[in-house]
Structure formats: C-alpha cells, structure tokens
Asks: 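Attaching a single structure in structure tokens format; questions to follow.
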Amino acid sequence: DQQVKQNSPSLSVQEGRISILNCDYTNSMFDYFLWYKKYPAEGPTFLISISSIKDKNEDGRFTVFLNKSAKHLSLHIVPSQPGDSAVYFCAASAPGANNLFFGTGTRLTVIP
Amino acid sequence: DTEVTQTPKHLVMGMTNKKSLKCEQHMGHRAMYWYKQKAKKPPELMFVYSYEKLSINESVPSRFSPECPNSSLLNLHLHALQPEDSALYLCASSHIGLDRGNEQFFGPGTRLTVL
C-alpha cells in the first residue's frame with residue numbers, strides 16, 4: 001500500500017531550465033512533507049520541507065508547492081544545474097508520528 | 001555538528017557471521033532510525049528508537065537486532081543473514097515533538113553484501 005507516489009521514474013531537463021518533480025499522496029492525515037536528494041551509494045540528503053499550513057516554501061533554487069485538496073506536491077528547481085542530477089524522493093509524515101513514508105523516487109538528469 | 005556517521009562503509013559477510021553496524025549523531029536528536037534500501041527502491045523503515053527506547057519494529061526478522069546504548073549511538077547487530085539481506089543500510093536521526101518539523105538526517109549508509 002504505497003501512500004506516497006511519484007509516478008515519473010525519470011525526468012531529463014536541459015541545464016538552465018526548470019525541473020518539476022511531482023508527488024501524490026493518499027493519506028489525508030499527512031501534515032508534513034519533505035524532499036530528499038540521493039546520489040548513488042550515499043544516504044538521502046534533506047532538501048526542503050513544507051507544513052500543511054502553507055502552500056509554498058522557497059529556499060534558493062528550490063521551491064515546494066503543496067495542493068492539499070489534490071493531495072499533490074511538487075518540487076521546482078530553477079535554474080537546473082548538472083549537479084542536480086540525482087534521485088529525488090518525496091516523503092510525508094502524520095502528526096505525532098516519527099516515521100516517514102517515502103515515494104518511489106524520480107531520477108533527474110540535467111543535461112549540460 | 002550536523003552529521004550522522006555510519007561505520008563501516010562497506011561490509012561483506014557470510015551467512016554464519018555475526019557483525020554490527022554502527023551509527024552516531026551529535027545533533028541532540030532523540031529519535032533514531034534504521035532503514036534498508038534496495039537498488040531503485042525507496043528507503044524501507046526497519047526500526048525507530050525514541051528516547052533510547054524501541055518504538056517501532058516494522059516486522060523485521062530477528063536476525064536483525066537493534067540496540068541504542070545512549071542518545072547518540074545506534075547499533076544494528078546482524079546474525080545468520082541471507083543473501084537477500086544485501087542492501088544499503090541507512091541510519092537517520094531527528095528531533096521529536098509536534099512543534100518541530102520531522103526532518104530526518106541520514107548517514108551515508110553501510111553497503112552490506114551477504115555471501
């Protein structure tokens with residue numbers, strides 16, 4: 001039962017353009033959402049998060065948008081850089097719970 | 001110090017061996033986690049420790065035995081593993097509390113190969 005889904009396993013974008021990674025969830029109890037970036041053979045690195053009381057959070061080139069009614073969030077990276085090439089996981093948690101529910105990941109390739 | 005460290009980085013063991021994975025953090029986090037990650041899959045939660053007590057065991061086989069000696073250390077003892085247990089084992093830590101975000105910080109992982 002995959003409560004967090006990333007339906008695009010891969011995405012290729014030209015350097016300098018915008019990368020948009022999407023994530024959907026089914027559990028309406030989730031109130032905190034995170035994006036992680038992962039290089040091969042390394043642990044995930046926390047990128048950005050958003051609470052359900054917001055619909056947007058921005059940090060430099062990274063912006064996360066949350067649409068609670070659609071149970072959808074997205075990560076925008078602009079401008080995309082070759083070093084952004086990695087697997088991106090979205091994750092969600094419910095109030096009072098420590099555990100995160102991860103999506104299946106999207107492999108982003110930024111083409112120089 | 002905003003780092004989670006894990007040792008060893010790589011481990012090869014036979015099915016009859018006993019080994020341990022170690023994890024350490026000095027961020028004052030009171031929740032620590034073990035995850036298992038197979039290639040092209042998301043991290044899969046194994047155990048959660050909150051305030052040094054085991055709070056979640058995701059039906060993990062008893063050949064995996066976690067231990068939390070203190071608030072900074074987390075071990076995973078391995079015994080009689082199977083080849084299908086080969087994976088990247090990730091440790092993570094986070095704060096606990098409803099007023100905090102649940103950002104978990106991950107270590108680099110231990111790449112385990114069971115022969």
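Owing to the predicted nature of the structure, the values given are computational and were not obtained by experimental measurement. Quick note on labels: first sequence line is chain A, next is B, and so on, each numbered from 1.
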Asks: Could you check, using the six-membered ring where one of them is a Trp, whether B:Y35 and B:F106 have ring centers closer than 6.0 angstrom?
Replies: yes
Asks: Quick one, A:I18 with A:H76, criterion side chain to side chain contact (heavy atoms under 4.5 Å, CB included). Give me CA distance, side-chain angles, the key distance, then yes/no.
Replies: CA-CA 7 Å; A:I18 185 170; A:H76 292 209; 3.7 Å; yes
Asks: Does the B:N70 side chain pair with the main chain of B:L73, one donor and one acceptor, at a distance under 3.5 Å?
Replies: yes
Asks: Just say parallel, tilted or perpendicular for the rings of B:H29 and B:H95, cut-offs at 30° and 60°.
Replies: perpendicular
Asks: Using non-hydrogen atoms only, which part of B:Q6 is less than 4.5 Å away from chain A: side chain, backbone, both, or neither?
Replies: neither
Asks: Working to the nearest 0.5 angstrom, can you tell me the gap between A:N99 CG and B:Q104 CD?
Replies: 8.0 Å
Asks: Please list, chain by chain and in numerical order, all residues satisfying side chain to side chain donor-acceptor pair (under 3.5 Å) with A:N27, sequence neighbours excluded.
Replies: A:Q3
Asks: Quick one: closest heavy-atom pair of A:Y32 and A:S51, and the distance?
Replies: CD1-CA, 3.8 Å
Asks: Counting only heavy atoms closer than 4.5 Å, note whether A:L100 contacts chain B via side chain, backbone, both or neither.
Replies: both
Asks: If you apply the rule salt bridge (Lys or Arg N to Asp or Glu O under 4.0 Å), what do you find for A:D55 with A:K68, and how did you get there?
Replies: CA-CA 8 Å; A:D55 54 17; A:K68 283 177 294 185; over 6 Å; no
Asks: Determine yes or no for a side-chain-to-main-chain donor-acceptor pair under 3.5 angstrom, with A:T106 supplying the side chain and A:S8 the backbone.
Replies: yes
Asks: What part of A:S49 gets within 4.5 angstrom of chain B, counting heavy atoms only: side chain, backbone, both, or neither?
Replies: side chain
Asks: Test side chain to side chain donor-acceptor pair (under 3.5 Å) on A:K38 and A:Y36; report intermediate values, then the result.
Replies: CA-CA 7 Å; A:K38 188 178 185 302; A:Y36 286 85; over 6 Å; no
Asks: With distance as the sole test, does B:Q37 use its side chain to make a donor-acceptor pair with the main-chain N or O of A:G43 at under 3.5 Å?
Replies: no
Asks: Do the side chain of B:R63 and the main chain of B:L81 share a donor and acceptor less than 3.5 angstrom apart?
Replies: no
Asks: Who in residues 42-58 of chain B is close to chain A, using a strict under-4.5 Å heavy-atom cut-off?
Replies: B:P42, B:P43, B:L45, B:V48, B:S50, B:I56
Asks: How would you list, in number order, the residues of residues 8-20 of chain B that have a heavy atom less than 4.5 Å from chain A?
Replies: none
Asks: Residues of residues 107-115 of chain B under 4.5 Å from chain A (heavy atom pairs)?
Replies: B:G107, B:P108, B:R111
Asks: In the structure I gave you, are the side-chain heavy atoms of A:F62 and A:L75 within less than 4.5 Å of one another anywhere?
Replies: yes
Asks: Taking the side chain from B:Q82 and the backbone from B:E84, do they hold a donor-acceptor pair closer than 3.5 Å?
Replies: no
